[in-house]
Amino acid sequence: MLSLRDVNPQQREAIKTVDGPLMVIAGPGSGKTRVLVYRIAHLISIGVPPYSIIALTFTNKAAKEMKGRIRDLVGEKSSSLWMGTFHSLCARLLRYECSKLGFEKNFSIYDTQDSLNLIKSVMSQLGIPTQQFNPSAIQNRISRVKNQLLTPEVCTAQAADLFEEKVAAVYTRYQIRLKENNAMDFDDLLLHPIHLFTTHKKVLSDYQDRFRFILIDEYQDTNHAQYVFIKLLADKFRNLCVVGDDAQSIYAFRGADIRNILDFERDYIGGKIIRLEQNYRSTKTILAGADQLIKKNGGQINKNLWTDNRQGEAITLLECEDDKDEGERISRRIFADIQSKKHDFKHIAVMYRTNAQSRSLEEAFRRNSIPYTIVGGVEFYQRKEVKDVLAYLRCLVNPKDNESVLRIINYPNRGIGAVSVKKILHYAAQRVLPLLSVLTETKDIGGLSEKTKNACASFGSLVEKYNKLRQQISIGELARALVDELGILRIYKDEGTSESMSRWDNVQELLSGISEFDASREKATLEDFLQEVSLVADVDRWDTSFNAVTLMTLHSAKGLEFPTVFITGLEEGLLPLYTPQFENNDVEEERRLFYVGITRAMERLCISRAHLRFRYGDLSYQTPSRFLDEIDSSLIVIDTAGASPTQSKFRTNGILRQRKRATRTDRETGSPYFTDVDPHVDYTSDEEKILDVGSLVEHEYFGRGKVIYVTGKGDTTKAVVDFDSVGRKNLMVKFARLKLL
DNA sequence: ATTAGGCGATTTTTT
DNA sequence: ATCGCCTAAT
């Protein structure tokens, strides 16, 4: 029997209430993961077969961790339990069932970028000008209506203005094209199962019978489609347990609907609600600050959070000159933290609202030799060179995948340019044939030169060749052979720039990733590999075994905890963020985001703001975030004593200084690098030299000036220089030919 | 007529 | 860092 000694009464009740709907409102740090883990272990221990349990988590990483803990409690039998993200479990379900919807099981999964490319292609097909109608705006809108489960027909009928008409037209055509490509986008992974369930009652009833116990984590961030999916699945037995916290809902922009949690009682009549209010994570001070802040939001479920933990130290507010100063001051605090306490680099996280903010922090950490790892940013699997190789593999798996074919038809360059591609595309579209299938038979395509036809044919036969080879060798060998034949690595090597070196690294890493995947399971298929990489988030790749400071957005920080947390950029317009383009600036959601950040901290919380910050390529004066006033000043100690950037004791002496640059690979693998041992240091280029803030310089036309700010790296380094004659100028260092005085 | 390569502008949060 | 536009080269 499972021992429940180390759980509190509310947790125990949540674990043991196995019949009927249950909602657990779990404040931050209240042990909700423990509840989920124990609840599943409990179900298994009272005889529920693991394969009749489905548990939906927010990240793959969380799923993996929980699965591990469950295995520790009940052993190997837990492996038949379905646990994962909505997207990955739906993809799995669709692998079994998609033929009923007219898809083949080797379907491709399109990420946001693939989907945008398809939308652009549809728009050009429909003659909708992209200058007038922003493809991303159309994409966003389509995603939103899909999450609302509105069909193209309904959208067309409901279109109220010109924009909506265009959206409906693109949406209609987009779905057709997806199906022609045997492809699905992220939204489809949810929509298709719902469609399947509503049109095939027997299938629904089979799955209802199978998954008698349903658990959902982070319920506050489910969208309407996910809600409907769950409602259908739970309809028969109603053994549904949802866990969430309305105060931590931060994905409204992605369609998350907080009503799912607020309306639970109405939707699941007779359901039980349990509150977990004891916090085991944070100090009294941190919890109090978080609580004061979140109370400024209206319309939430009432909670009385409390903790037995010690009072702890005050929250520190760093008031900084600019983002560079912010980075320096945080660096120094990190050193102080490490020297004075048992804390190590890996116990520290630095969080920010936008990915762009990571740059100045990275530079500071590099200057100060602080090992760090970044979660998010430009993700590994989004990188061009990685996507290119993946596109080849996708073509092999799914020959109908025209988007992937288009990506690589002229990569590496084989002389098939945009005009030729258009002709081929037109030819294939008229005959409703996949692009790939017409490439070896180009005789009838009008207007193509002999050279182009030959290039097409050899591309076509290359794909054919590897398709045959696929039956004979392992996927690791296959990918390597393909990359070798294409000469991709050689091309990057020959180019010899640091950028191409990093591309080389990334392709190598992808290849070893495939081999690793290959070795890690019995029968590794390319389909499985591609599905997995389509659905990984960057947090999933986050490797916690390295001793490094973690940099991440507040969104990625969800569900995590750290002894020391820094939250940067507490400035109006940044946190809360407002953007002129979108009207839907939701201050309450921004407040929840800050709340999520604060409550990640166990012992120490340090927040920061800068007076000056580069935003949208311009240096601007920032005012303090309103959120700073919403936390009682007695909880906060303000630190203005830090040195200005020019006085920093970490500053190096030279005015021009050699900059060491790490390759992208270091970041993307999540492995921290130490500036001193970085094997990819590039000492060669003159353009790697950068200016220091405070230096006096002379410009050919503007004369004497003082460097106010330096940003960017390598060729894109920019500097703000205050000239005696003309005042402040933003210059590209590469072209400005500044002379040092 | 096509294609390749260079240059300049731009970046909210993400499965 | 990537996309799109422009121009030079073929």
Side-chain angles (χ1 to χ4, degrees), chain A residues 56-60 84-91 109-113 115-117 120 130-131 135-136 140 143 147 184-190 218 221-223 225-226 250-256 351-359 375-379 381-385 387 410 412-423 447-449 451-452 455 499 502-503 534-540 552-558 569 573-582 584-586 589-590 592-593 596-597 614-618 664 667 712-716 732 734-735:
Chain A
L56 296 142
T57 60
F58 198 73
T59 62
N60 294 300
T85 61
F86 272 97
H87 289 93
S88 58
L89 293 187
C90 283
I109 297 172
Y110 283 179
D111 67 17
T112 313
Q113 199 190 353
S115 143
L116 187 63
N117 288 339
K120 284 177 187 165
T130 51
Q131 289 97 332
S136 316
N140 276 329
S143 176
N147 280 319
M184 304 182 188
D185 68 14
F186 286 145
D187 300 321
D188 288 334
L189 292 177
L190 283 155
E218 309 283 9
D221 282 320
T222 50
N223 63 30
Q226 291 167 329
I250 54 174
Y251 280 95
F253 75 93
R254 206 169 83 185
M351 300 170 190
Y352 35 80
R353 177 63 235 264
T354 64
N355 280 311
Q357 287 167 260
S358 73
R359 203 211 58 234
V375 174
V378 184
E379 292 170 30
Y381 291 114
Q382 312 273 28
R383 299 191 56 82
K384 188 188 169 300
E385 62 276 18
K387 287 206 75 167
N410 198 30
N413 282 345
R414 25 174 101 81
I416 310 174
V419 179
S420 302
V421 167
K422 208 162 189 178
K423 285 172 190 161
L448 287 188
S449 72
K451 220 180 87 199
T452 314
E499 185 184 301
S502 111
R503 291 191 191 280
S534 309
L535 299 174
V536 290
D538 210 47
V539 235
D540 300 330
M552 52 171 49
T553 62
L554 289 162
H555 281 92
S556 313
K558 181 157 108 147
L574 193 55
L575 185 62
L577 182 78
Y578 24 93
T579 51
Q581 296 111 330
F582 297 103
N584 55 340
N585 295 318
D586 181 351
E589 175 142 320
E590 297 290 313
R592 290 193 293 268
L593 197 50
V596 166
F614 251 110
R615 294 201 65 201
Y616 306 115
D618 261 324
R664 300 289 305 179
R667 292 178 43 160
K713 43 191 153 189
D715 290 353
T716 60
M732 289 281 286
K734 190 184 172 194
F735 302 115

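Quick note on labels: first sequence line is chain A, next is B, and so on, each numbered from 1.
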Hey, what are the protein-to-nucleotides 4-9 of chain C N/O distances that come in under 3.5 Å?
{"unit_1": "C:dG4", "atom_1": "OP1", "unit_2": "A:K120", "atom_2": "NZ", "d": "2.6"}

By side-chain hydrogen bond (donor to acceptor under 3.5 Å, both in side chains) - contacts of A:S115 (at least two apart):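 With sequence neighbours excluded, A:S115 shows a side-chain hydrogen bond (donor to acceptor under 3.5 Å, both in side chains) to A:Q139, A:Y174, given in chain and number order.
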Check the distance between C:dA1's C1' and A:R503's CZ and give it to me in whole angstrom.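 Nearest whole value for this atom pair: 8 Å.
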Calculate the interatomic distance between A:R359 atom CZ and C:dA1 atom C1'; express it in whole Å.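 About 13 Å, once rounded to whole Å.
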Is there a side-chain contact (heavy atoms from CB on, under 4.5 Å) between A:T553 and A:Y352? Walk through the geometry before answering. CA-CA 5 Å; A:T553 62; A:Y352 35 80; 3.8 Å; yes
With respect to the side chain of A:T553, which nucleotide from B:dT15, C:dT2, B:dT14 is positioned closest? B:dT14
Taking 4.0 Å as the cut-off, does a side-chain nitrogen or oxygen of [X] come that near to OP1 or OP2 on [N]?
X: A:Q113; N: C:dC3; result: yes
X: A:N223; N: B:dT15; result: no
X: A:T112; N: B:dT15; result: no

Which part of the nucleic acid does A:S556 contact within heavy-atom distance under 4.0 Å: base, sugar-phosphate only, or nothing? sugar-phosphate
Heteroatom pairs (N/O) under 3.5 angstrom, protein to nucleotides 2-4 of chain B:
{"unit_1": "B:dT2", "atom_1": "OP1", "unit_2": "A:K423", "atom_2": "NZ", "d": "2.7"}
{"unit_1": "B:dT3", "atom_1": "OP1", "unit_2": "A:G417", "atom_2": "N", "d": "3.0"}
{"unit_1": "B:dT3", "atom_1": "OP1", "unit_2": "A:S420", "atom_2": "OG", "d": "2.5"}
{"unit_1": "B:dT3", "atom_1": "OP2", "unit_2": "A:V419", "atom_2": "N", "d": "3.2"}
{"unit_1": "B:dA4", "atom_1": "OP1", "unit_2": "A:G415", "atom_2": "N", "d": "3.3"}
{"unit_1": "B:dA4", "atom_1": "OP2", "unit_2": "A:N410", "atom_2": "ND2", "d": "3.1"}

Quick test of the criterion, 5.5 Å between centres and less than 30° between planes. Is A:Y251 stacked on B:dT14 or not?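 A:Y251 vs B:dT14: stacking no.
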Any donor-acceptor pair, under 3.5 Å, between the side chain of A:T354 and the base of B:dT11, if you only look at N and O atoms?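 No pair found.
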